[in-house]
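Keep in mind that the numbers below use all heavy atoms, side chains included, and drop hydrogens, waters and symmetry copies. All ligand and atom numbering here is 1-based and tracks the order in the structure. Because the structure is a prediction, the values reported are computed rather than measured.
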Amino acid sequence: MTDCKNEIINSVLNKTPTREAMKANCTWPGLIKAYKEWLPVNKETPIVTLQEGATPLIELKAIEAIIGNGVKVHAKYDGLNPTGSFKDRGMTLAISKAKEEKCEAVICASTGNTSASAAAYARRAGMRAFVVIPDGYVAQGKLAQALVYGAEVLAIRGNFDRALDIVQEIANKYPVTLVNSVNPFRLHGQKTAAFEIIESLGEAPDWLCIPMGNAGNISAYWMGFNEYFQARKSTKLPQMMGFQARGSAPLVFNKTIKDPKTIATAIRIGNPVNKEKAFIAKEKSNGSFLDVTDEEIVNAYKLLGKEEGIFCEPASAASVAGLLKRKEEIPSNATIVCVLTGNGLKDPDCAIKNNDAAFYSDLDPDINKIANIMGL
Ligand code: AN7
């Protein structure tokens, strides 16, 4: 608290608000302005922002109680970004750079969140947004977003991996900019989440637990942790703990999965485009990859909801499911951050089907009857 106050006083004296002060004053300008010295932008770059970033790091007391041993666990809740996922961190930069290059249309393949984010930022910048999605495998909330944000939606009979092949070819042949995580600006934007974690904790965590699909995010975090470490803003690097759904785990089993299957549709990806980078992050950080079953994902999803008050999407819960699966290996007193990549509202069907709630329907509007059901 005192640190925060001093920051604010200093910022008033110096007239350049610090990131802490901007967060405290609710004048956070979005992550490009907040981290401009760390990002490939210049004075001419038009900044397309929805004031993404500065998401909370929330202590997970119920998970800590399960693990014990003095272990501290936090969630980096990136589902609180403007379109409800971490993709906004990458998209603000990818779209700003596309705008700088006078591009008029962007394209992406998506399991849902990339399409929602690309649509929001591209339309805000006055560009066309083409999104290619696996028909029938995008959660309702994400599809709703793409439609409302004004994307041109192309639903294919095929999975994400096929969609990614198609958009890469289209971007090679035609004047449309690809905004999947093969676009390097995406990763630079996303690395800012690692900066924020170090700023919140005052140090890098011991473990970073993160779900992996196309493996852009784990690669971006690793870049961010390394940059802050080299700048002496932390004294250590975290071990990168990546998790995939068992039916969709090409990085865990080190082979392409032709027909990936999982309840976590966001990470239903069989041939991750950033696999080389992800393996480097794993090896250099002394980290490790592991698969979690859909059942373990759903258990963690429910636990986060009813014990922590945090509603994330199933893919995000894979980070907590994975951490619990690795419980015995956690060093005592370790500090751990689990990345919750997307908001639970993205996938209402999953929520309605997977909960332990008491739901009494078709009730008479009668006080006595209701009190009776309440056990009063
Ligand atoms: C909630 O939107 O690939 O390992 O097309 O939506 O960086 O791919 C989404 C991925 C984790 C995996 N959690 O991140 C897409 C897409 C959520 C996600 C991931 C995704 P990467």
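Legend: ring-ring contact (aromatic ring centres under 6.0 Å, His included) pairs involving residues 161-206, not counting sequence neighbours, sorted by first then second residue: Y35-F195, W38-F195, F195-Y228.
Using a 4.0 Å cut-off between charged nitrogen and carboxylate oxygen, K61 and E64 do not count as a salt-bridge pair. Ion pairing between a basic and an acidic side chain is recognised when a charged N comes within 4.0 Å of a carboxylate O; K236 and E203 show no such pairing. Salt bridge absent: E296 and R326 never bring a charged side-chain N and a carboxylate O closer than 4.0 Å.
Hydrophobic clustering, defined by side-chain heavy atoms of Ile, Leu, Val, Met, Phe, Trp and Tyr closer than 4.5 Å, leaves I280 isolated from every other such residue. Grouped with L345 in one hydrophobic cluster are Y301, F311, the linkage being side-chain heavy-atom contacts under 4.5 Å among Ile, Leu, Val, Met, Phe, Trp and Tyr residues.
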Which protein N or O atoms sit under 3.5 Å from any N or O of ligand 1? Give atom names and distances.
{"unit_1": "ligand 1", "atom_1": "2 (O)", "unit_2": "S110", "atom_2": "OG", "d": "3.1"}
{"unit_1": "ligand 1", "atom_1": "2 (O)", "unit_2": "T111", "atom_2": "OG1", "d": "3.4"}
{"unit_1": "ligand 1", "atom_1": "2 (O)", "unit_2": "N113", "atom_2": "N", "d": "3.2"}
{"unit_1": "ligand 1", "atom_1": "2 (O)", "unit_2": "T114", "atom_2": "N", "d": "2.7"}
{"unit_1": "ligand 1", "atom_1": "2 (O)", "unit_2": "T114", "atom_2": "OG1", "d": "2.9"}
{"unit_1": "ligand 1", "atom_1": "4 (O)", "unit_2": "G213", "atom_2": "N", "d": "2.8"}
{"unit_1": "ligand 1", "atom_1": "4 (O)", "unit_2": "N214", "atom_2": "N", "d": "3.4"}
{"unit_1": "ligand 1", "atom_1": "4 (O)", "unit_2": "A215", "atom_2": "N", "d": "2.7"}
{"unit_1": "ligand 1", "atom_1": "5 (O)", "unit_2": "S110", "atom_2": "OG", "d": "3.0"}
{"unit_1": "ligand 1", "atom_1": "5 (O)", "unit_2": "T111", "atom_2": "N", "d": "2.8"}
{"unit_1": "ligand 1", "atom_1": "5 (O)", "unit_2": "T111", "atom_2": "OG1", "d": "3.3"}
{"unit_1": "ligand 1", "atom_1": "5 (O)", "unit_2": "T114", "atom_2": "OG1", "d": "3.2"}
{"unit_1": "ligand 1", "atom_1": "6 (O)", "unit_2": "N113", "atom_2": "ND2", "d": "2.7"}
{"unit_1": "ligand 1", "atom_1": "7 (O)", "unit_2": "G216", "atom_2": "N", "d": "3.2"}
{"unit_1": "ligand 1", "atom_1": "7 (O)", "unit_2": "N217", "atom_2": "N", "d": "2.8"}
{"unit_1": "ligand 1", "atom_1": "8 (O)", "unit_2": "N214", "atom_2": "N", "d": "2.7"}
{"unit_1": "ligand 1", "atom_1": "13 (N)", "unit_2": "T341", "atom_2": "OG1", "d": "2.7"}

